[in-house]
Amino acid sequence: MPELPEVETTRRGLLPHLVGATIIDVTVREARLRWPIPAGLKKRIVSRVIHGVARRGKYLLWDVASADGGGFLLCHLGMSGSLFATTASVAPVKHDHVDIVLNVNKTLIRYHDPRRFGAMLWIDGAIPTHPLLDRLGPEPLSDDFDGAHLFRLSRNRAVSVKEFIMNAHVVVGVGNIYASEALFGAGIRPTIAAGRISRARYGLLVAAIRQTLTNAIAAGGTSLRDYVKADGEPGYFQLVTMVYDRAQTPCRVCNTLVKMIRQGQRSTYFCPRCQH
DNA sequence: CGAGAGTCCTGAAGGC
DNA sequence: TGCCTTCAGGACTCTC
(Lines give C-alpha, C1' and ligand atoms only; values in the text may rest on other atoms or scores of the structure.)
Protein backbone atom coordinates (compact mmCIF):
# COMPACT_ATOMS: atom_id res chain seq x y z
CA MET A 1 0.00 0.00 0.00
CA PRO A 2 1.43 3.33 -0.98
CA GLU A 3 2.92 5.24 1.91
CA LEU A 4 4.99 8.36 1.49
CA PRO A 5 8.09 6.58 0.15
CA GLU A 6 6.03 4.83 -2.51
CA VAL A 7 4.34 8.09 -3.49
CA GLU A 8 7.72 9.78 -3.76
CA THR A 9 9.02 6.84 -5.79
CA THR A 10 6.01 7.20 -8.08
CA ARG A 11 6.68 10.92 -8.46
CA ARG A 12 10.30 10.34 -9.42
CA GLY A 13 9.33 7.60 -11.83
CA LEU A 14 6.73 9.75 -13.58
CA LEU A 15 8.72 12.98 -13.69
CA PRO A 16 10.79 12.25 -16.81
CA HIS A 17 7.66 11.26 -18.72
CA LEU A 18 5.58 14.21 -17.66
CA VAL A 19 7.69 17.34 -17.56
CA GLY A 20 7.36 19.25 -20.80
CA ALA A 21 4.78 16.86 -22.25
CA THR A 22 1.42 17.99 -23.56
CA ILE A 23 -1.76 16.15 -22.61
CA ILE A 24 -3.59 15.19 -25.79
CA ASP A 25 -6.38 12.98 -24.47
CA VAL A 26 -7.99 11.70 -21.27
CA THR A 27 -10.06 8.56 -20.80
CA VAL A 28 -11.98 8.06 -17.56
CA ARG A 29 -13.41 4.53 -17.39
CA GLU A 30 -14.49 4.77 -13.76
CA ALA A 31 -14.98 8.15 -12.11
CA ARG A 32 -16.12 6.84 -8.73
CA LEU A 33 -13.00 7.09 -6.60
CA ARG A 34 -12.89 8.45 -3.02
CA TRP A 35 -14.62 11.43 -4.57
CA PRO A 36 -15.86 11.50 -8.16
CA ILE A 37 -13.36 12.55 -10.79
CA PRO A 38 -14.71 15.91 -12.02
CA ALA A 39 -16.74 15.53 -15.21
CA GLY A 40 -14.98 18.49 -16.81
CA LEU A 41 -11.45 17.23 -16.18
CA LYS A 42 -10.68 16.33 -19.78
CA LYS A 43 -11.78 19.72 -21.05
CA ARG A 44 -9.59 21.42 -18.43
CA ILE A 45 -6.36 19.63 -19.17
CA VAL A 46 -6.31 18.54 -22.80
CA SER A 47 -3.80 20.51 -24.91
CA ARG A 48 -2.07 21.86 -21.82
CA VAL A 49 1.60 21.36 -20.96
CA ILE A 50 2.72 19.64 -17.74
CA HIS A 51 5.36 21.77 -16.04
CA GLY A 52 6.18 19.59 -13.04
CA VAL A 53 4.99 17.17 -10.40
CA ALA A 54 5.24 18.03 -6.72
CA ARG A 55 4.36 16.00 -3.67
CA ARG A 56 2.65 17.20 -0.52
CA GLY A 57 2.28 14.41 1.99
CA LYS A 58 0.82 11.55 -0.02
CA TYR A 59 -0.77 13.88 -2.55
CA LEU A 60 0.78 14.32 -5.96
CA LEU A 61 0.28 17.71 -7.59
CA TRP A 62 0.70 17.85 -11.35
CA ASP A 63 1.38 21.39 -12.47
CA VAL A 64 -0.75 21.54 -15.62
CA ALA A 65 0.06 24.96 -17.06
CA SER A 66 -0.99 26.46 -13.73
CA ALA A 67 0.60 29.79 -14.59
CA ASP A 68 -1.04 29.88 -17.98
CA GLY A 69 -4.76 29.44 -17.45
CA GLY A 70 -4.52 25.85 -16.21
CA GLY A 71 -4.22 24.50 -12.70
CA PHE A 72 -3.19 21.43 -10.74
CA LEU A 73 -4.18 17.80 -10.99
CA LEU A 74 -4.37 16.49 -7.43
CA CYS A 75 -3.82 12.73 -7.12
CA HIS A 76 -3.91 10.45 -4.11
CA LEU A 77 -3.19 6.73 -4.50
CA GLY A 78 -5.31 5.69 -1.54
CA MET A 79 -4.11 2.32 -0.43
CA SER A 80 -4.24 0.31 -3.64
CA GLY A 81 -3.65 2.93 -6.32
CA SER A 82 -0.77 3.20 -8.76
CA LEU A 83 0.21 5.54 -11.58
CA PHE A 84 2.50 4.25 -14.29
CA ALA A 85 3.60 4.97 -17.83
CA THR A 86 2.52 2.69 -20.63
CA THR A 87 1.26 2.99 -24.20
CA ALA A 88 -2.11 2.76 -25.90
CA SER A 89 -1.13 -0.57 -27.41
CA VAL A 90 -1.31 -2.08 -23.92
CA ALA A 91 -4.97 -2.89 -23.33
CA PRO A 92 -6.36 -1.66 -20.03
CA VAL A 93 -7.14 -4.33 -17.46
CA LYS A 94 -9.68 -4.42 -14.67
CA HIS A 95 -9.42 -1.41 -12.35
CA ASP A 96 -7.42 0.68 -14.86
CA HIS A 97 -9.67 3.68 -14.26
CA VAL A 98 -7.95 6.58 -16.04
CA ASP A 99 -5.59 7.12 -18.98
CA ILE A 100 -3.87 10.45 -19.51
CA VAL A 101 -2.39 10.43 -22.99
CA LEU A 102 0.75 12.44 -23.74
CA ASN A 103 2.09 13.76 -27.03
CA VAL A 104 5.49 12.10 -26.58
CA ASN A 105 6.28 8.61 -27.88
CA LYS A 106 2.64 7.50 -27.63
CA THR A 107 3.07 7.42 -23.85
CA LEU A 108 0.11 7.46 -21.56
CA ILE A 109 -0.10 7.58 -17.78
CA ARG A 110 -2.50 4.99 -16.42
CA TYR A 111 -4.20 5.08 -13.04
CA HIS A 112 -5.01 1.68 -11.53
CA ASP A 113 -6.83 1.34 -8.21
CA PRO A 114 -8.79 -1.83 -7.26
CA ARG A 115 -10.22 -0.41 -4.04
CA ARG A 116 -10.87 3.08 -5.35
CA PHE A 117 -9.76 4.78 -2.14
CA GLY A 118 -7.65 7.14 -4.21
CA ALA A 119 -8.58 10.52 -5.65
CA MET A 120 -8.08 12.55 -8.80
CA LEU A 121 -9.26 16.12 -8.43
CA TRP A 122 -8.72 19.41 -10.19
CA ILE A 123 -7.54 22.71 -8.70
CA ASP A 124 -8.07 25.78 -10.88
CA GLY A 125 -5.52 28.56 -10.95
CA ALA A 126 -1.89 29.33 -10.27
CA ILE A 127 -1.79 28.39 -6.57
CA PRO A 128 -2.46 24.85 -5.33
CA THR A 129 -4.91 25.62 -2.55
CA HIS A 130 -7.46 23.01 -1.59
CA PRO A 131 -9.31 22.01 1.59
CA LEU A 132 -7.47 18.68 1.51
CA LEU A 133 -4.11 20.47 1.57
CA ASP A 134 -4.80 23.52 3.70
CA ARG A 135 -4.39 22.09 7.17
CA LEU A 136 -1.69 19.51 6.59
CA GLY A 137 1.22 19.27 9.00
CA PRO A 138 4.87 19.64 7.98
CA GLU A 139 6.73 17.29 5.68
CA PRO A 140 8.55 14.70 7.80
CA LEU A 141 11.82 15.23 5.93
CA SER A 142 11.71 19.03 6.17
CA ASP A 143 13.36 21.27 8.76
CA ASP A 144 9.91 22.32 9.99
CA PHE A 145 9.48 18.89 11.49
CA ASP A 146 11.33 18.52 14.77
CA GLY A 147 10.90 17.34 18.34
CA ALA A 148 9.68 20.74 19.48
CA HIS A 149 6.85 20.60 16.94
CA LEU A 150 5.60 17.22 18.15
CA PHE A 151 6.06 18.21 21.79
CA ARG A 152 4.09 21.42 21.39
CA LEU A 153 1.18 19.88 19.45
CA SER A 154 0.90 16.91 21.78
CA ARG A 155 0.43 18.76 25.06
CA ASN A 156 -2.79 17.70 26.79
CA ARG A 157 -3.52 15.16 24.09
CA ALA A 158 -4.82 11.85 25.41
CA VAL A 159 -4.59 10.08 22.07
CA SER A 160 -1.90 7.41 21.76
CA VAL A 161 1.42 8.49 20.31
CA LYS A 162 0.95 6.06 17.42
CA GLU A 163 -2.37 7.56 16.38
CA PHE A 164 -0.92 11.03 17.00
CA ILE A 165 1.90 10.66 14.48
CA MET A 166 -0.48 9.12 11.94
CA ASN A 167 -2.60 12.29 12.02
CA ALA A 168 -1.86 14.24 8.83
CA HIS A 169 -2.55 17.51 10.66
CA VAL A 170 0.40 16.71 12.94
CA VAL A 171 2.83 15.44 10.31
CA VAL A 172 2.08 14.13 6.83
CA GLY A 173 3.06 10.84 5.32
CA VAL A 174 3.37 8.57 8.35
CA GLY A 175 1.08 5.64 7.59
CA ASN A 176 0.30 2.54 9.58
CA ILE A 177 3.39 0.57 8.61
CA TYR A 178 5.95 3.31 9.19
CA ALA A 179 4.29 4.46 12.41
CA SER A 180 4.97 1.05 13.96
CA GLU A 181 8.46 0.94 12.46
CA ALA A 182 9.43 4.43 13.62
CA LEU A 183 8.16 3.85 17.16
CA PHE A 184 10.26 0.71 17.31
CA GLY A 185 13.25 2.71 16.09
CA ALA A 186 12.71 5.26 18.85
CA GLY A 187 12.08 2.62 21.53
CA ILE A 188 8.70 4.15 22.33
CA ARG A 189 5.67 2.03 23.15
CA PRO A 190 2.84 2.93 20.75
CA THR A 191 0.15 3.00 23.44
CA ILE A 192 1.60 5.88 25.47
CA ALA A 193 -0.53 9.03 25.51
CA ALA A 194 0.99 11.63 23.18
CA GLY A 195 0.76 14.27 25.91
CA ARG A 196 2.91 12.27 28.30
CA ILE A 197 6.02 11.98 26.17
CA SER A 198 9.02 14.22 26.86
CA ARG A 199 10.54 16.68 24.45
CA ALA A 200 13.72 14.62 24.37
CA ARG A 201 11.88 11.46 23.40
CA TYR A 202 10.06 13.35 20.65
CA GLY A 203 13.50 14.28 19.36
CA LEU A 204 14.30 10.58 19.13
CA LEU A 205 10.98 9.87 17.46
CA VAL A 206 11.53 12.53 14.81
CA ALA A 207 14.94 11.06 14.02
CA ALA A 208 13.41 7.58 13.79
CA ILE A 209 10.60 8.75 11.46
CA ARG A 210 13.14 10.45 9.20
CA GLN A 211 15.39 7.40 9.18
CA THR A 212 12.54 5.02 8.44
CA LEU A 213 11.18 7.09 5.56
CA THR A 214 14.60 7.89 4.13
CA ASN A 215 15.57 4.22 4.11
CA ALA A 216 12.33 3.29 2.39
CA ILE A 217 12.77 5.96 -0.26
CA ALA A 218 16.33 4.77 -0.86
CA ALA A 219 15.07 1.19 -1.20
CA GLY A 220 12.41 2.40 -3.65
CA GLY A 221 15.10 4.23 -5.54
CA THR A 222 17.05 1.07 -6.12
CA SER A 223 14.17 -0.32 -8.15
CA LEU A 224 13.46 3.01 -9.79
CA ARG A 225 15.18 2.15 -13.04
CA ASP A 226 12.68 -0.56 -13.86
CA TYR A 227 9.96 0.97 -11.76
CA VAL A 228 7.69 1.40 -14.76
CA LYS A 229 7.84 -1.98 -16.33
CA ALA A 230 6.58 -2.91 -19.78
CA ASP A 231 3.65 -4.81 -18.33
CA GLY A 232 2.64 -1.74 -16.38
CA GLU A 233 3.15 -3.35 -13.00
CA PRO A 234 4.77 -0.92 -10.61
CA GLY A 235 7.90 -2.36 -9.07
CA TYR A 236 7.28 -1.63 -5.44
CA PHE A 237 10.22 -2.79 -3.40
CA GLN A 238 9.75 -5.46 -0.82
CA LEU A 239 9.85 -3.83 2.56
CA VAL A 240 11.85 -5.49 5.31
CA THR A 241 10.19 -4.52 8.58
CA MET A 242 11.40 -4.67 12.15
CA VAL A 243 7.96 -5.25 13.69
CA TYR A 244 5.16 -4.62 11.20
CA ASP A 245 3.28 -7.80 10.29
CA ARG A 246 5.64 -9.82 12.48
CA ALA A 247 3.26 -10.75 15.31
CA GLN A 248 4.44 -13.71 17.37
CA THR A 249 7.82 -13.79 15.66
CA PRO A 250 11.08 -12.94 17.45
CA CYS A 251 12.13 -9.30 17.67
CA ARG A 252 15.10 -8.80 15.36
CA VAL A 253 16.96 -7.09 18.21
CA CYS A 254 16.14 -9.03 21.39
CA ASN A 255 14.20 -12.14 20.28
CA THR A 256 11.19 -11.30 22.42
CA LEU A 257 7.98 -12.13 20.54
CA VAL A 258 6.53 -9.14 18.69
CA LYS A 259 3.03 -8.18 19.86
CA MET A 260 0.07 -7.10 17.76
CA ILE A 261 -2.68 -4.90 19.20
CA ARG A 262 -5.53 -2.80 17.79
CA GLN A 263 -5.44 0.99 17.99
CA GLY A 264 -8.16 3.04 16.36
CA GLN A 265 -9.26 0.04 14.27
CA ARG A 266 -5.71 -0.35 13.00
CA SER A 267 -3.16 -3.02 13.75
CA THR A 268 -0.09 -1.95 15.69
CA TYR A 269 3.04 -4.03 16.16
CA PHE A 270 5.69 -3.52 18.82
CA CYS A 271 8.35 -5.29 20.86
CA PRO A 272 7.33 -5.39 24.53
CA ARG A 273 10.96 -5.47 25.60
CA CYS A 274 12.56 -2.85 23.30
CA GLN A 275 9.74 -0.32 23.53
CA HIS A 276 8.75 1.47 26.74
C1' DC B 1 -11.98 21.47 20.21
C1' DG B 2 -10.80 16.24 20.92
C1' DA B 3 -11.89 11.34 20.73
C1' DG B 4 -13.91 7.51 18.79
C1' DA B 5 -16.58 5.23 15.41
C1' DG B 6 -18.27 4.85 10.69
C1' DT B 7 -17.46 4.94 5.84
C1' DC B 8 -15.94 4.04 1.11
C1' DC B 9 -14.02 -0.62 -1.78
C1' DT B 10 -12.00 -5.10 -3.45
C1' DG B 11 -9.27 -9.10 -2.95
C1' DA B 12 -7.05 -12.27 0.01
C1' DA B 13 -7.47 -15.51 3.52
C1' DG B 14 -9.80 -18.40 6.66
C1' DG B 15 -13.73 -21.41 8.16
C1' DC B 16 -16.97 -24.90 7.13
C1' DT C 1 -14.38 -27.13 -4.69
C1' DG C 2 -17.05 -23.28 -3.34
C1' DC C 3 -19.54 -20.25 -0.71
C1' DC C 4 -19.60 -17.15 3.17
C1' DT C 5 -17.43 -14.14 6.52
C1' DT C 6 -13.78 -11.34 8.07
C1' DC C 7 -10.16 -8.29 7.54
C1' DA C 8 -6.85 -4.91 5.67
C1' DG C 9 -5.90 -0.10 4.70
C1' DG C 10 -5.96 6.05 4.13
C1' DA C 11 -8.18 9.52 5.69
C1' DC C 12 -12.26 12.07 5.50
C1' DT C 13 -16.73 12.70 7.99
C1' DC C 14 -19.97 12.20 11.45
C1' DT C 15 -21.44 11.97 16.35
C1' DC C 16 -20.96 12.88 21.05
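Per chain, numbering begins at 1; letters A, B, ... match sequence-line order.
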If you look at every strand shown and take non-hydrogen atoms under 4.0 Å, does Leu132(A) touch a base, only sugar-phosphate, or nothing?
sugar-phosphate
Considering only heavy atoms, which members of residues 116-125 of chain A lie under 4.0 Å from some atom of DNA chain B?
Arg116(A), Phe117(A)
Charged N to carboxylate O below 4.0 Å: is that the case for Arg44(A) and Asp124(A)?
yes
Could you check whether any side-chain N or O of Asn105(A) sits under 3.5 Å from a backbone N or O of Thr107(A), counting only pairs where one atom can act as donor and the other as acceptor?
no
Of the residues in residues 154-166 of chain A, which ones touch DNA chain B at a heavy-atom distance under 4.0 Å?
Arg157(A), Ala158(A), Val159(A)
How many Å lie between CG on Asn167(A) and P on dG10(C), as a whole number?
13 Å
Output the single nucleotide from dG11(B), dA8(C), dC12(C) whose closest atom is nearest the side chain of Arg262(A).
dA8(C)
Below the 4.0 Å mark, does dT10(B) have OP1 or OP2 next to a side-chain nitrogen or oxygen of Lys94(A)?
no
Expressed as a whole number of angstroms, how long is the span from Met79(A):CE to dC12(C):C1'?
16 Å
Between His169(A) and dG2(B), is there a side-chain N or O to OP1/OP2 distance below 4.0 Å?
no
Using the side-chain contact (heavy atoms from CB on, under 4.5 Å) definition, which of the options Val159(A), Asn167(A), Val161(A) pairs with Glu163(A)?
Val159(A)
Rounded distance in Å - CG (Asp113(A)) to P (dC8(B)):
16 Å
Once you apply a heavy-atom cut-off of 4.0 Å, does Arg135(A) come out as touching a base, just sugar-phosphate, or nothing?
nothing
Distance, nearest 0.5 Å, that separates SG of Cys75(A) from NZ of Lys58(A):
15.5 Å
More 5' along DNA chain B: Gly264(A) or Pro114(A), using each one's nearest nucleotide?
Gly264(A)
Using modelled atom types only, decide if a donor and an acceptor are shared between the side chain of Asp63(A) and the backbone of Val53(A) within a distance under 3.5 Å.
no
Can you find a side chain N or O atom of His76(A) that sits less than 4.0 Å from OP1 or OP2 on dG10(C)?
no
Could you tell me the separation between the CD1 atom of Ile177(A) and the P atom of dA8(C), rounded to a whole number of Å?
13 Å
Taking NZ, NE, NH1 and NH2 as the nitrogens, is one of them in Glu139(A) or Arg56(A) under 4.0 Å from a carboxylate oxygen of the other?
yes
Whole-Å distance separating the CD atom of Gln263(A) from the P atom of dG9(C)
12 Å
Rounded to whole Å, the CZ-P distance (Arg34(A) to dT10(B)) equals 15 Å
Phosphate OP1/OP2 of dG9(C): any Tyr178(A) side-chain N/O under 4.0 Å:
no
Is a donor-acceptor pair below 3.5 Å formed from side chain Arg266(A) to base dA8(C), judging by atom type as modelled?
no
I need the CZ-C1' distance between Arg115(A) and dT10(B), as an integer number of Å.
5 Å
Excluding sequence neighbours, so at least two apart, what forms ring pair (Phe, Tyr, Trp, His ring centres under 6.0 Å) with Tyr59(A)?
His76(A)
Between the side chain of Asn176(A) and the main-chain N/O of Ser267(A), is any donor-acceptor distance below 3.5 Å?
yes
Side chains of Arg246(A) and Thr249(A): is there a donor and an acceptor less than 3.5 Å apart?
yes
Any donor-acceptor N/O pair, Arg201(A) side chain to Gly187(A) backbone, under 3.5 Å:
yes
Between Lys58(A) (NZ) and dA11(C) (C1'), how many Å, whole number?
9 Å
